[in-house]
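Down below is the structure, laid out as structure tokens.
Atom set for the values below is all heavy atoms of this structure, side chains included, hydrogens, waters and symmetry mates excluded. By convention in this document, chain letters (A, B, ...) are assigned in the order of the sequence lines, proteins followed by strands, and residues within each chain are numbered from 1.
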Amino acid sequence: MMTQPVEKNQTSDNSNGTPNEPITNPKAAKAAKLQALKEKGVEPYPHVYDRTHMAAELHEKYKDLEDGSETEDQVSVAGRIMAMRNNGMFIDLMDASGRIQVFCHKQSMDEEALAQLKLYDLGDIIGAKGTMRRTPRGELSVRVTETFMLTKSLEILPEKHHGLSDVEQRYRQRYVDLIVNDESRETLRARSKIISFIRRYMEDMGALEVETPMLHEILGGASAKPFVTHYNALSHDFYLRIAPELKLKRLIVGGIADSVFEINRNFRNEGVSIKHNPEFTMIEGYHAFKDYNDLMDLIEDLVGQAVEHIHGTREIEIDGQMVNFAGPWRRVSMCDLVKEHTGVDFMAIETAEEAREAALKAGVHTESNANWGQVVEACFDEKAEHTLIQPTHVTDHPFEISPLAKNHRDNPRVVERFETFVNGWEIANAFTELNDPAVQRERFEAQVEQREAGDEEAQMLDEDYITALEYGLPPTAGWGMGLDRLVMLLTDSHNIRDVICFPTLRPKG
RNA sequence: GACCGCUUAGCUCAGCCGGUAGAGCAACUGACUUUUAAUCAGUAGGUCGAGGGUUCGAAUCCCUCAGCGGUCACCA
């Protein structure tokens, strides 16, 4: 269990609130009130509470109640105390739906109930029963007859206007962040809503959701460095998966369904940044008898609908710019796009050496052993990628950088692949799947060569996967989409940590 | 992983060409059954991230370490 770095005052002389001495430590004051509650016979941590309404329900139900009017309607609410005004006469309670003011007036409460208010603090979770009214100043309130301590809080809430802005504490103690920062709650709720929407969309199209292993014996399905873990019982090291791709396609071979998808975590042993968390959530989908053209349609429709589901429109502001998700999205081949931005037509260039020279003239430096495809990719990354603000499918990648994609039906230098970009970020990667076992073996062998030449991220030869292809993978199209990034776009979040409940942080000392 | 920056009260922040700390919120005492960041009067709260150095004297200058942030590299 992680200890909290906030115990500094515990040993100071008067912090325990000994009789006749003022309590100066806020935490000690809370502890003293907890004790006082117990002495009054009030259970500070009861088991259950009978609530009749959420805050938002009341605001909806009484939205037409006029200022200054009282009702006889009895309600029971519960929530965390976020503000107390006028000596506890006005208390703002926050529940999962919103806030509601409770009005603790001495005319409506007996002496005992009033006295108990003195033992409540900001942060406590209480219940309140009473009647609905709207104050003369227009605030919907519960005129309280009785309150109930539901959970005594012993910690101090951060400042009420500025909230909690210390980034480290926000992520390390997400619960505090969620209590005080509305935006954090909204963003993480939106994440849930988006992922739920995508799952429903996939199910509605008849796709089968599956789960495949996190512990892999062989790396594959992506180019990335892995985490390694040890399984004691088998005396064997496993990789935490970098992608589920090769497992999912085995399921298509098996014919479990024509469409399968998985929404789950991948792990990549790389640095963190505002766009990278070492564990991240992806959806991958595989569809028999489809090709990559079908997937462009699918992604446009899925993402477009998701945007509309969250925002009620398909045109939203991201990073200060309007982005329009209404289709059709631009579809452009990687070579054409590179030509647009560098003036170099790589399709007219045959050798790697000429390609490297042409790139250099365009201001893009490449490794001296870079092949034609890697040069094209480098030019795209440096010159074109960041310009793709509006949703764009970049198609037909060089085969050298796409070991699992099927060759293009009309052009042997490229494969039937596309990546979708929004706001300058890749959000999806898809291709017509390579299903010729002999070609797949050649591609794997090229990867193994790269690996032996020192490329830690090159893929391994997965013999069993080739065997699966030999049994026969039907024509299939597959895609993956980073859901953390999609959520960032749809919530206009600038840091991936904001869309992950508990982002990875360096362990403290 | 490299470079740059940040770390002061529970929270949000001042103070920084060296003279051992200040505000608002939160807390406590009291006033007002009034509110919407309620208000008013008073009280208390800090080994200034950790360790070392320079100096008569360090929150302030120097070094090391830790955490965090940013940029770059790798990548989705």
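- Residue A:G163 is classed as a sugar-phosphate contact, given heavy-atom separations below 4.0 Å to backbone atoms only.
- Under the Watson-Crick and G-U wobble criteria, each requiring two contacts below 3.5 Å, nucleotide B:rA23 is paired to B:rU12.
- Scanning for side chain to side chain donor-acceptor pair (under 3.5 Å) contacts around A:R174 gives A:D177, with sequence neighbours left out.
- Pair assignment for B:rG1: B:rC72, on the basis of Watson-Crick or G-U wobble contacts that are both within less than 3.5 Å.
- As the counterpart of B:rU54, no nucleotide is assigned, since no Watson-Crick or G-U wobble pattern has both distances under 3.5 Å.
- Regarding contacts with the backbone of B:rA26, a side-chain N or O of A:K160 is found under 4.0 angstrom from either OP1 or OP2.
- Between A:R485 and A:G138, it is A:G138 whose nearest contact on RNA chain B lies nearer the 5' terminus.
- At the heavy-atom level, A:I427 lies nowhere under 4.0 Å from the strands shown.
- The side chain of A:A29 approaches B:rA27 more closely than any other nucleotide in the set B:rA27, B:rU34, B:rG70.
- Applying the Watson-Crick and G-U wobble criteria (two distances, each under 3.5 Å), B:rG18 pairs with nothing in any strand.
- With A:D124 as the fixed residue, the salt bridge (Lys or Arg N to Asp or Glu O under 4.0 Å) test singles out one of A:K152, A:K33, A:R80: A:K152.
- Nucleotides B:rU71 and B:rC65, compared at atom C1', are 23 Å apart to the nearest Å.
- Under the Watson-Crick and G-U wobble criteria, each requiring two contacts below 3.5 Å, nucleotide B:rU34 is left unpaired.
- In the model, A:R134 has no side-chain atom that pairs as donor or acceptor with a side-chain atom of A:Q101 under 3.5 Å.
- Distances were taken from every side-chain heavy atom of A:R85 (C-beta onward) to each of B:rA76, B:rG70, B:rU36; the shortest belongs to B:rU36.
- A:D166 comes within 4.0 angstrom of the backbone, heavy atoms only, and of no base.
- Residue contacts shown for A:L157 are absent, as no nucleic acid heavy atom lies under 4.0 Å away.
- Within the 4.0 angstrom heavy-atom criterion, base atoms lie near A:E270.
- OP1 or OP2 of B:rA27 has not a single side-chain nitrogen or oxygen of A:K33 nearer than 4.0 Å.
- No contact: A:Q107 has no heavy atom under 4.0 Å from any strand.
- Distance noted for atom C1' between B:rU8 and B:rA58: 14 Å (whole Å).
- The phosphate of B:rC13 (OP1 or OP2) has a side-chain N or O of A:S165 nearer than 4.0 angstrom.
- Base engagement by A:N277 is indicated by at least one non-hydrogen atom pair under 4.0 Å involving a base atom.
- Aromatic stacking is not marked for A:W425 over B:rA76, as the cut-offs of 5.5 Å for the centres and 30° for the planes do not both hold.
- A:H162 pairs by the side chain to side chain contact (heavy atoms under 4.5 Å, CB included) definition with A:E159, not counting sequence neighbours.
- Of the side-chain N and O atoms in A:R172, one or more sit less than 4.0 angstrom from OP1 or OP2 of B:rC68.
- For A:T395, the side chain to side chain donor-acceptor pair (under 3.5 Å) test picks out no residue, with sequence neighbours left out.
- In this entry the distance linking CG of A:L164 with P of B:rC25 reads 19 Å, nearest Å.
- Look at B:rU20: its glycosidic torsion is within 90° of 0, and that puts it in the syn range.
- Residue A:S273 is classed as having no contact, given no heavy-atom separation below 4.0 Å to the nucleic acid.
- An OP1 or OP2 oxygen of B:rU36 is reached within less than 4.0 angstrom by no side-chain nitrogen or oxygen of A:Q101.
- Summarising the base pairing, B:rA41 is matched to B:rU29 through a Watson-Crick or G-U wobble pair whose two defining distances lie under 3.5 Å.
- In this structure, B:rC6 forms a base pair with B:rG67, meeting either the Watson-Crick or the G-U wobble geometry with both donor-acceptor distances under 3.5 Å.
- Scanning for ring pair (Phe, Tyr, Trp, His ring centres under 6.0 Å) contacts around A:H105 gives A:F103, with sequence neighbours left out.
- The separation between A:D121 atom CG and B:rA26 atom P is 12 Å, rounded to whole Å.
- Going from atom NZ of A:K30 over to atom C1' of B:rA27 covers 9 Å, rounded to whole Å.
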List every contact pair, protein side and nucleotides 22-24 of chain B side both N or O, where the distance is under 3.5 Å.
| unit_1 | atom_1 | unit_2 | atom_2 | d |
| --- | --- | --- | --- | --- |
| B:rG24 | N2 | A:E159 | OE2 | 3.3 |

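- Under the 30°/60° scheme for interplanar angles, the aromatic rings of A:Y201 and A:F197 are found to be tilted.
- For A:V42, the side chain to side chain contact (heavy atoms under 4.5 Å, CB included) partners at least two apart in sequence or on another chain are A:L37, A:K40, A:Q116, A:M149.
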